[in-house]
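Okay, structure first, notes after.
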Protein chains: 2
Amino acid sequence: MSASGSGRPVDGERRMPADGERRKPADATIADIHPCSACDVRQLSVCNVLDAPELKRLAEIVSTVTLPAHRTVLHEGDPADHLYNVTGGCVKLYKLLADGRRQITGFLFAGDFLGLALEDRYAYSAEAVGEVTLCRFPRRRLERLLDDLPKLEKRLLGNASNELAAAQDQMILLGRKTAREKIASFLINLAARAERRGQSADPLALPMSRTDIADYLGLTTETVSRTFTQLKTRRVITLLPGGMVALTDRLAIEELASGG
Amino acid sequence: MSASGSGRPVDGERRMPADGERRKPADATIADIHPCSACDVRQLSVCNVLDAPELKRLAEIVSTVTLPAHRTVLHEGDPADHLYNVTGGCVKLYKLLADGRRQITGFLFAGDFLGLALEDRYAYSAEAVGEVTLCRFPRRRLERLLDDLPKLEKRLLGNASNELAAAQDQMILLGRKTAREKIASFLINLAARAERRGQSADPLALPMSRTDIADYLGLTTETVSRTFTQLKTRRVITLLPGGMVALTDRLAIEELASGG
DNA sequence: GAGAGGATTTGACCCACGTCAATGCCGGCT
DNA sequence: AGCCGGCATTGACGTGGGTCAAATCCTCTC
């Protein structure tokens, strides 16, 4: 099962305003005081509702983590001790059946929040797709902090609300769409999210393997591959080297995605 | 598409501690002051975190609604003006594709919360399966109230968290389970929820039509029907009149549900 | 309690996608 | 540069569940 772009850093991420920018003199001082202020992805994440003093309190309990490709971030059933915010790279969430069948329930990118767990156990596993950077919050301390930061709590509720809507979109995809519609929806969805992060949506990066895509869409690798070549033949996409796709006829893809 | 037990009240509900109990003299006075105190399903719902004075404030903005079978509760894309709590009966949530294909994303029963909408539009439609009773909250006023009732807000976040976990279970069901496993999971899931509500889980009520079940599980009516008869033939379930099923061999069903 | 109309069940057949099996390709390592 | 290993692609074929169609069976209604 699974395995993707073996160790190579996620292509999509090379385009991020990365370390170079973070170390501009102007920001360096602020970053020393509370690193969250200088966060590249703050505007994308749940942290965007906090002002400077609030950010500082958050910064006090956060630690940043870098994980290599394929490293498990958290495991279904384990005590939910930490929550995470993805700051770079791509993380996949998945659940397994007893016999190894896998369903990927989501891909997370910079700005996405991870770990909202019912009770005190994670409901799913999470694994780094390429190299990934994360902000890690101890759950207890974050929960206590939430009592003082109702804005953040509201934001988390809004976030959960968003995720629920996305989950329902995924249900109609899994339950009612054809392979072609699934692939088209997947591309449109990734493109929209890349745009929101300020990354390129047209030569679109697909950091995950065909197997990952298949397990996300409820298909097999073979069907994913065949569908890609079919779309390529119809000249609606172009497969580029390095896990990139050009959305040659984006309108056609959008039509396919919504069941045209 | 769809249609179920046309007008007949949901069987499962007949067993609820209904009017007789609600009208005991002791409760009647309290109910007059603030009806939420006498609510049959309070212990099941998000309201269970509130104490008497808080309940009273909630009661001030709530109104109760009764809808006949097949009545639309809310419609995808409409302004999200109200939130609801189901107090009796069954509500189905669904999304449609342009050509009419439908995915039911959930069935709600007494105690379940409805309407958490992203932005200010509903992300799905909701329709009464049998006759349904609901508590209705104006969204604006509830949101304002939430500022004063952090406990309730926390509870809603926990609730959303639960729903996300359920959504992920549904994704693995839709994406990776066979028809038989889907039906088995469905029965086990409904049985567990009936138990939690204090209703009978073994002769289990199925208030929804075969078409609804199909649209929930990503199947067709025919396949749902065939799978039920198959399970009947294998003596793991018994189909009873009035939309009831006996889980003759619950262990076998549980094994099937988890991919045995 | 007889009739009507929809829901459910059953049957026959088909097809989109899965399975099994090569083959091709690309990136990394020596 | 050339080999190696894992991913992706392609091909041939099988099948679970969809489609179309025809009985039954309920359950309201009168």
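Below, chains carry the letters A, B, ... as their sequence lines are ordered, and counting in each starts from 1.
In this structure, CG of B:Leu206 is placed 10 Å from P of C:dT8, rounded to the nearest angstrom. Residue B:Leu217 contributes atom CG, which lies 13 Å from atom C1' of D:dG17 at whole-angstrom precision. Atom CD1 in B:Ile183 sits roughly 17 Å away from atom P in D:dG16 (whole-Å rounding). The CG atom of B:Asp215 sits 11 Å away from the P atom of D:dG18 (whole-angstrom rounding). B:Phe228 places its CZ atom 16 Å from the P atom of C:dA7, with the value rounded to the nearest Å. Rounded to an integer number of Å, the gap from CE of A:Met208 to P of D:dC7 is 16 Å. One interatomic measurement links the two molecules: CD1 of A:Ile213 to C1' of C:dC17, which rounds to 17 Å at whole-angstrom precision. A straight line from CZ of B:Arg210 to P of D:dC26 spans 12 Å, rounded to a whole angstrom.
A heavy-atom distance below 4.5 Å is found between the side chains of A:Leu134 and A:Val73. Taking 4.5 Å as the limit, some side-chain heavy atom of B:Arg250 sits within range of a side-chain heavy atom of B:Glu254. Contact check for A:Asp112 versus A:Arg193: side-chain heavy atoms found under the 4.5 Å cut-off.
Applying the 4.0 Å criterion to OP1 and OP2 of D:dT10, one finds that A:Thr229 has a side-chain N or O inside that range. Checking the phosphate oxygens (OP1, OP2) of D:dC7, no side-chain nitrogen or oxygen of A:Ser209 falls inside 4.0 Å.
Across all strands, A:Thr178 comes closer than 4.0 Å only to sugar-phosphate atoms, never to a base (heavy-atom distances).
Within the 3.5 Å criterion, the main-chain N or O of A:Ala246 finds no donor-acceptor partner in the side chain of A:Asp202. Of the possible donor and acceptor atoms, none in the side chain of A:Thr248 sits under 3.5 Å from a partner among the backbone N and O of A:Arg235. With B:Ser125 contributing its side chain and B:His75 its backbone, the two residues share no donor-acceptor pair below 3.5 Å. No side-chain donor-acceptor contact under 3.5 Å links A:Tyr216 to the backbone of A:Thr211.
Closest-nucleotide positions on DNA chain C for A:Lys177 and B:Thr223 were compared, and the one nearer the 5' end corresponds to B:Thr223. For the pair A:Ser225 and A:Arg176, nearest-nucleotide mapping onto DNA chain D gives the more 5' position to A:Ser225. With the nearest nucleotide of DNA chain D identified for both A:Arg226 and B:Leu219, A:Arg226 has the one nearer the 5' end.
For C:dC17, the base has no donor-acceptor partner in the side chain of A:Glu222 [N/O atoms by modelled type, under 3.5 angstrom].
In the helix from C:dG1-D:dC30 to C:dT30-D:dA1, the terminal helix axes, each the rotation mapping four pairs' C1' atoms onto the next four within five end pairs, subtend 50°, rounded to 10°.
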